Amino acid sequence: MSLPLLKNFPAIVNLVSPKSCQSSFVRQMHTTRLSSEKRETNPSAESKNPDDDSAKQVRVFVRKKRATKTVQAIVEATKPEILDQKPCSLPEIEDFAYGKQSSFSCSKEVQPPANWEKVIEGIRKMRSSEAAPVDSMGCEKAGVSLPPKERRFAVLISSLLSSQTKDQVTHGAIQRLLQNDLLSAEAINKADEGAIKELIHPVGFYSRKASNMKKVAKICLDKYDGDIPSSLEELLELPGIGPKMAHLVMNVGWNNVQGICVDTHVHRICNRLGWVSRQGTKQRTSTPEQTRESLQLWLPKEEWVPINPLLVGFGQTVCTPLRPRCGICKISDYCPSAFKETPSPSSTPKKKRAFIE
DNA sequence: CTCCTGGTTC
DNA sequence: GAACCCGGAG
């Protein structure tokens with residue numbers, strides 16, 4: 001569908017694309033845009049107050065974490081500029097902003113890979129027959145019995161600890177923190193870093209993570225009243241939180257889907273399936289971030305959250321990094337990489353190359 | 001690119 | 001004895 005309202009606003013259209021249908025980014029761009037325009041119209045005027053009323057309004061609404069309010073705020077903020085346009089209805093804009101429409105005027109349409117629905121269905125069947133570590137130990141399970149604020153903090157800390165660490169180990173560390181009442185911003189901020197190091201010890205990079213935990217706890221206390229940041233860009237400012245964890249925390253911590261959480265499993269499997277490629281080429285993506293952007297171009301948004309546990313579990317049990325078990329994989333017929341990994345490690349692997357395209 | 005960490009797995 | 005862990009930072 002075309003959106004007459006948004007058509008003449010490239011900044012908006014870009015940011016409301018499926019690539020980044022992120023209300024917070026929309027808000028950010030809008031405030032940036034409004035303030036920069038004000039500077040343009042009043043170059044000599046005082047720029048000491050970059051936030052005019054409408055920009056402030058946007059911020060207030062966004063803090064409420066309500067999609068409808070956010071979109072209303074966007075419409076309101078752009079109202080002076082769209083008087084000669086034919087406005088869309090609110091639900092239309094909202095659908096557009098949240099990626100529910102199948103077509104987008106801003107980017108060339110990307111065809112979903114053939115049989116992707118059969119592939120997902122096949123993986124679901126395999127996953128239901130064999131339990132994977134992620135099912136019981138994933139950090140989205142962290143603190144399910146806790147009140148919302150504490151649960152969110154548990155999710156954040158669990159994410160911090162989980163990188164390059166087996167799920168069981170992460171889970172154990174979280175349990176020990178919980179038993180010692182060290183799973184809140186206040187407690188961690190006061191706690192001794194050495195004590196934290198001891199508690200989380202078996203996790204990978206425990207020293208750096210203990211240090212990051214202290215810093216994160218302090219930031220959460222000072223800036224967010226002991227809660228965790230609620231937007232992607234604010235989460236990314238925390239030490240030890242990168243894109244993968246930021247999306248995970250937004251998804252399971254805030255139940256606010258802004259992007260696909262792409263880890264090594266999702267990255268590897270999407271490339272094996274031929275689901276993603278570098279822009280303009282058919283070459284495989286080289287980083288998880290490239291995979292995320294490529295995948296988000298065609299994967300329907302309802303799958304953005306479930307795709308992660310689905311593929312992670314699949315990657316832990318069947319489509320393993322080394323020696324994938326293509327023999328028991330039910331979707332090998334659809335997989336261009338099936339049975340194509342280097343068969344014998346004895347024949348001089350030389351440089352590291354897990355499999356051949 | 002390298003480092004951070006150490007237990008596990010092949 | 002590499003390569004692997006639901007990565008991130010420099």
Side-chain angles (χ1 to χ4, degrees), chain A residues 123 127 131-142 154-174 193-194 196-216 219 232-233 235-253 259-272 285-292 295 304-325 341-355:
Chain A
I123 297 176
R127 293 280 280 101
V134 69
D135 294 328
S136 54
M137 304 291 183
C139 54
E140 57 269 27
K141 301 287 191 298
V155 168
L156 180 68
I157 295 300
S158 182
S159 301
L160 259 181
L161 297 182
S162 71
S163 72
Q164 296 297 106
T165 305
K166 290 192 174 175
D167 298 318
Q168 277 175 301
V169 177
T170 309
H171 188 255
I174 290 291
E193 189 172 317
I196 298 175
K197 206 184 285 187
E198 296 288 321
L199 275 176
I200 65 173
H201 172 260
V203 305
F205 317 138
Y206 59 90
S207 186
R208 176 165 298 188
K209 283 171 181 173
S211 161
N212 282 342
M213 275 174 66
K214 291 285 289 181
K215 291 176 190 165
V216 165
I219 294 173
L232 203 65
E233 59 267 33
L235 282 168
L236 288 170
E237 289 173 7
L238 301 178
I241 298 293
K244 188 261 172 184
M245 295 310 182
H247 282 291
L248 183 70
V249 172
M250 285 307 290
N251 290 178
V252 309
I260 300 171
C261 175
V262 175
D263 53 64
T264 59
H265 292 294
V266 177
H267 178 54
R268 176 183 71 255
I269 294 169
C270 285
N271 275 292
R272 280 182 179 169
T285 58
S286 53
T287 66
E289 273 296 275
Q290 282 178 15
T291 299
R292 185 179 62 79
L295 191 58
W304 283 21
V305 172
I307 195 74
N308 178 269
L310 185 75
L311 293 191
V312 170
F314 181 55
Q316 287 172 333
T317 57
V318 179
C319 198
T320 47
L322 209 55
R323 286 177 286 277
R325 300 159 69 187
E341 100 277 17
T342 51
S344 62
S346 57
S347 63
T348 63
K350 290 183 178 179
K351 303 292 181 184
K352 53 180 175 183
R353 193 161 45 147
F355 59 94

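Convention: sequence-line order gives letters A, B, ...; per-chain numbering from 1. Note that this is a predicted model, so its numbers are computed, not measured.
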Enquirer: Protein-nucleotides 8-10 of chain B N/O pairs closer than 3.5 Å?
Expert:
none

Enquirer: What integer distance in Å separates A/Asp167:CG from C/dC4:P?
Expert: 17 Å
Enquirer: If we take the P atom in both C/dA3 and B/dC3, what is their distance in whole Å?
Expert: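 The same atom, P, in both gives a distance of 15 Å.
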Enquirer: Could you give the NE2-to-P distance, from A/His171 to B/dG7, as a whole number of Å?
Expert: 21 Å
Enquirer: Can you tell me how far CD1 of A/Ile157 sits from NZ of A/Lys209, rounded to the nearest 0.5 angstrom?
Expert: 11.5 Å
Enquirer: Rounded to whole Å, how long is the line connecting atom CZ of A/Arg268 with atom P of C/dA3?
Expert: 15 Å
Enquirer: For A/Tyr206, enumerate each residue passing the ring pair (Phe, Tyr, Trp, His ring centres under 6.0 Å) test, keeping only those at least two apart in sequence or located in another chain.
Expert: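 Ring pair (Phe, Tyr, Trp, His ring centres under 6.0 Å) check on A/Tyr206 returns A/His201.
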Enquirer: Please name all residues satisfying side-chain hydrogen bond (donor to acceptor under 3.5 Å, both in side chains) with A/Glu289, sequence neighbours left out, ordered by chain then number.
Expert: A/Arg292
Enquirer: With A/Glu193, which residues qualify under salt bridge (charged side-chain N to carboxylate O under 4.0 Å, His left out), at least two apart?
Expert: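 Expected list: none.
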Enquirer: Can you name the residues that form a side-chain hydrogen bond (donor to acceptor under 3.5 Å, both in side chains) with A/Asn212, not counting sequence neighbours?
Expert: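 Not a single residue meets the side-chain hydrogen bond (donor to acceptor under 3.5 Å, both in side chains) criterion with A/Asn212.
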Enquirer: Could you check A/Thr165 against A/Pro243 and say which one's nearest nucleotide on DNA chain C is further toward the 5' end?
Expert: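 Its nucleotide being nearer the 5' end, the pick is A/Thr165.
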Enquirer: Please list residues of residues 201-211 of chain A whose heavy atoms come under 4.0 Å from any atom in DNA chain B, ordered by number; otherwise none.
Expert: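 By residue number: A/Gly204, A/Phe205, A/Tyr206, A/Ser207, A/Arg208.
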Enquirer: Measure from the side chain of A/Leu322, starting at C-beta and using heavy atoms only, and say which of C/dC5, C/dG8, C/dC4 lies closest.
Expert: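 Comparing C/dC5, C/dG8, C/dC4 against the side chain of A/Leu322, the answer is C/dC4.
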Enquirer: Give me the distance, rounded to whole Å, that separates B/dG6 from C/dG10 when you measure between the C1' atoms they each carry.
Expert: 22 Å
Enquirer: Would you indicate which nucleotide in C/dG8, C/dA3, C/dC6 comes nearest to any side-chain atom of A/Asp263?
Expert: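 Nearest nucleotide to the side chain: C/dC6.
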Enquirer: Should A/Thr165 and A/Thr170 be marked as a side chain to side chain donor-acceptor pair (under 3.5 Å) after you check the CA-CA gap, both sets of side-chain angles, and the distance that decides it?
Expert: CA-CA 7 Å; A/Thr165 305; A/Thr170 309; 4.9 Å; no
Enquirer: A/Leu156 has an atom CG; how far is it from atom P of C/dC6, in whole Å?
Expert: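 Interatomic distance, CG of A/Leu156 to P of C/dC6: 19 Å.
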Enquirer: Between C/dG8 and B/dG7, how far apart are the P atoms? Round to whole Å, please.
Expert: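 Those two atoms are separated by 23 Å.
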Enquirer: Given C/dC5, C/dA3, C/dG8, identify the nucleotide with an atom nearest to the side chain of A/Gln164.
Expert: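 Looking only at heavy atoms from C-beta outward on A/Gln164, the closest nucleotide is C/dC5.
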Enquirer: With sequence neighbours excluded, what pairs up with A/Cys261 under the side-chain contact (heavy atoms from CB on, under 4.5 Å) test?
Expert: A/Lys244, A/His247, A/Leu248, A/Asn251, A/Asn308
Enquirer: Can you name the side-chain hydrogen bond (donor to acceptor under 3.5 Å, both in side chains) partners of A/Ser286, sequence neighbours left out?
Expert: A/Gln290
Enquirer: Go through the structure and list residues passing side-chain hydrogen bond (donor to acceptor under 3.5 Å, both in side chains) with A/Thr264, not counting sequence neighbours.
Expert: none
Enquirer: How many whole angstroms separate atom CE of A/Met250 from atom P of C/dC6?
Expert: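 Spelled out: CE on A/Met250 to P on C/dC6 is 24 Å.
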Enquirer: Examine C/dC4: is either OP1 or OP2 under 4.0 Å from a nitrogen or oxygen in the side chain of A/Thr320? Give yes or no.
Expert: no
